[in-house]
Amino acid sequence: MKELTGFLKDHYCLTVAGLEPVSRGKTTEKYRIRTDSGTYILRIRSRGFREDDIEADHRFMNHLHTHDFKVPRLIHSIDRETRTFFQGKLIELQGYLDHDSTLEDHSFQEVSHQVFDFLGRYHRVSSLYSDTVRKPDYLPGTTLPMGESAKYFQGPLKYGLPRYIDAADSLERPLGSRMKKDLKKLARLLESIYEEYLRRQISWPELVCHNDFHGNNLLFNQGRIAGLVDFDFCRTGFYQVDLVEALHGSAVWQEAEDGFLGMGEAGEIRAEKAVRDLGRYYRHNPDFPRDGRFLIRFLMAKLIGLLWYPGLDLVPETHDKIEALRRLKLLLANLEELHTLDA
């Protein structure tokens, strides 16, 4: 840490009084820094990210700032750079957004009206951005998906599904064979939704999606949304990519069942609440096409893809995989019966 505090003094003229780890993920380390001039967030991108991609993130975040949107302010070094290097790793220093909690500290159902309203305003501002943010489908050197095709379709089928097939292979008949039959049906369903997605996307409006719109990336202060952070995976795409993330929490996520990725024991859904929340989103984007039937299908793809998420075994035990698969089948059947999420 001594070398890091010296680096901050040399490159940002900051005297560090305290340095507190905030998070350490697969790709980025984050620290809260207290200095004589204020509090900052230091982000160290440790692997995979290309400099051009980071510059594109910064230009887009600056656009959000010019429209008074609540995102971190990027701090320039003494060389007027918004990014620099420390021990071969990319460094970003950001202003601190005052907050006392994140979305993960709240019941999604209690704050979902705020989340959809905030997302609607974010997409309205994002749709005004004249540039594009293009990134590879996978973070270079990893199986971590950055693009929607990789995240929801290709990655789960290529990298995640084999873990469930291995689990089925470890089971005696007939349980193992039944599990494999279910997995094949889900794979065919995911492939069919992907084909429909590719057909429909040519008529959808493009904008810069956050592409990680959940969890610790939504900040709260005194019960109100205080800002959006971590734009590492943002890229130009189709608005439903972010919308389906929020819809998952509104329509499906059961607070007491997060051990099974939020899937309730009976595959419960909250359709009426989802419709009300979607109305808050479309209030800011009345020109966006409303396709409630395909949104259900896209949510199905998200749920299957989450179960088979590339690079992470989110349901590690074989007996848990069996239970998660049972809940998923019930949930998909309940969603199929909805027909649409249009008001």
Side-chain angles (χ1 to χ4, degrees), residues 20 22-23 25 28 30-35 37-43 45 53-76 82-83 92-131 133 205 207-237 239 241-250 277-286 288:
E20 174 190 353
V22 174
S23 64
T28 305
K30 193 187 304 184
Y31 298 87
R32 183 183 296 111
I33 299 173
R34 290 185 292 106
T35 76
S37 60
T39 303
Y40 302 89
I41 291 293
L42 176 71
R43 304 181 76 250
R45 300 208 199 188
D53 296 335
I54 294 175
E55 292 291 352
D57 294 349
H58 291 180
R59 288 192 298 271
F60 176 62
M61 292 174 71
N62 185 60
H63 163 79
L64 296 175
H65 265 297
T66 61
H67 288 79
D68 297 321
F69 203 80
K70 296 176 181 179
V71 296
R73 181 172 57 90
L74 292 158
I75 309 299
H76 291 265
T82 54
R83 54 146 181 87
E92 296 165 294
L93 191 66
Q94 299 179 350
Y96 180 74
L97 289 178
D98 192 29
H99 66 283
D100 56 25
S101 58
T102 70
L103 180 58
E104 289 192 350
D105 300 311
H106 295 265
S107 163
F108 194 100
Q109 280 66 59
E110 292 178 359
V111 299
S112 66
H113 62 289
Q114 289 191 57
V115 173
F116 278 82
D117 185 76
F118 185 85
L119 179 59
R121 289 188 289 113
Y122 166 69
H123 277 181
R124 172 51 55 192
V125 173
S126 175
S127 68
L128 301 175
Y129 190 54
S130 59
D131 202 355
V133 179
L207 49 81
V208 181
C209 295
H210 183 270
N211 209 18
D212 204 11
F213 190 80
H214 58 80
N216 289 325
N217 294 335
L218 269 173
L219 308 182
F220 281 74
N221 199 30
Q222 298 183 353
R224 304 294 300 174
I225 294 180
L228 182 63
V229 298
D230 290 3
F231 285 78
D232 300 357
F233 289 174
C234 78
R235 56 183 264 162
T236 298
Y239 70 101
V241 171
D242 287 340
L243 192 56
V244 80
E245 292 278 8
L247 184 61
H248 178 209
S250 178
D277 288 337
L278 284 167
R280 289 180 174 272
Y281 172 86
Y282 285 115
R283 196 178 304 163
H284 296 282
N285 302 285
F288 285 11

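Everything quoted here is computed from the prediction, not taken from an experiment.
The salt bridge (Lys or Arg N to Asp or Glu O under 4.0 Å) search around E55 returns R83, not counting sequence neighbours. For F288, the ring pair (Phe, Tyr, Trp, His ring centres under 6.0 Å) criterion is met by Y239, not counting sequence neighbours. Residues passing the ring pair (Phe, Tyr, Trp, His ring centres under 6.0 Å) test with Y281 are H123, sequence neighbours excluded. Residues passing the ring pair (Phe, Tyr, Trp, His ring centres under 6.0 Å) test with Y129 are F60, H63, sequence neighbours excluded. Scored by the salt bridge (Lys or Arg N to Asp or Glu O under 4.0 Å) test, K30 finds D230 as partners (sequence neighbours excluded). In this structure, F233 has no ring pair (Phe, Tyr, Trp, His ring centres under 6.0 Å) partners at least two apart in sequence or on a different chain. For E92, the side-chain hydrogen bond (donor to acceptor under 3.5 Å, both in side chains) partners at least two apart in sequence or on another chain are R43, R45, H58. The salt bridge (Lys or Arg N to Asp or Glu O under 4.0 Å) search around R283 returns none, not counting sequence neighbours. With sequence neighbours excluded, the residues satisfying side-chain hydrogen bond (donor to acceptor under 3.5 Å, both in side chains) with Y40 are S37. Residues passing the salt bridge (Lys or Arg N to Asp or Glu O under 4.0 Å) test with D277, sequence neighbours excluded: K273.
Here the OG1 atom belonging to T66 is positioned 12.5 Å from the CE atom belonging to M61, to the nearest 0.5 angstrom. Taking NE2 of H67 as the reference point, atom CG of N62 lies at 11.0 Å (rounded to 0.5 Å). Distance check, rounded to the nearest 0.5 Å: CG of L243 to CG of N285 gives 9.5 Å. Here the straight-line distance linking atom CZ of F231 with atom SG of C209 works out to 11.5 Å at 0.5 Å rounding. Distance check: D105 CG to T102 OG1 gives 4.0 Å after rounding to the nearest 0.5 Å. The CD atom of E20 lies 13.0 Å from the CG atom of L42; values are rounded to the nearest 0.5 Å.
Minimum heavy-atom separation, G227 to L97: CA-CD1, 4.1 Å. H113 and E110 make their closest contact through CE1-O, 3.2 Å (heavy atoms, listed as atom of the first residue, atom of the second, distance). Across all non-hydrogen atoms, the minimal contact from V125 to L64 is CG1-CD2, 3.7 Å. In this structure, H106 and S101 approach most closely via the heavy-atom pair NE2-OG, 2.8 Å. What you find for V133 and C234 is that their closest heavy atoms are CG1-O, 3.5 Å. The shortest non-hydrogen separation linking H210 to D242 is N-OD2, 2.9 Å.
A donor-acceptor pair shorter than 3.5 Å can be found between the side chains of D232 and T28.
Screening residues 120-129 for salt bridge (charged side-chain N to carboxylate O under 4.0 Å, His left out) gives D117-R121 as the qualifying pairs, with residues at least two apart or on separate chains.
Taking the six-membered ring for Trp and thresholds of 30 and 60 degrees, Y122 and F213 have nearly parallel ring planes, at less than 30 degrees apart.
Remark: R32 CZ is packed, more than 12 non-hydrogen atoms of other residues, nucleotides or ligands lying under 6.0 Å away.
Formation of a donor-acceptor pair under 3.5 Å by the S126 side chain with backbone atoms of V208 is found in this model.
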Name each donor-acceptor pair under 3.5 Å that joins a side chain in residues 217-226 to protein atoms two or more places apart or in another chain, with its distance.
| from | atom 1 | to | atom 2 | distance (Å) |
| --- | --- | --- | --- | --- |
| N217 | ND2 | D212 | O | 2.9 |
| N217 | ND2 | D212 | OD2 | 3.2 |

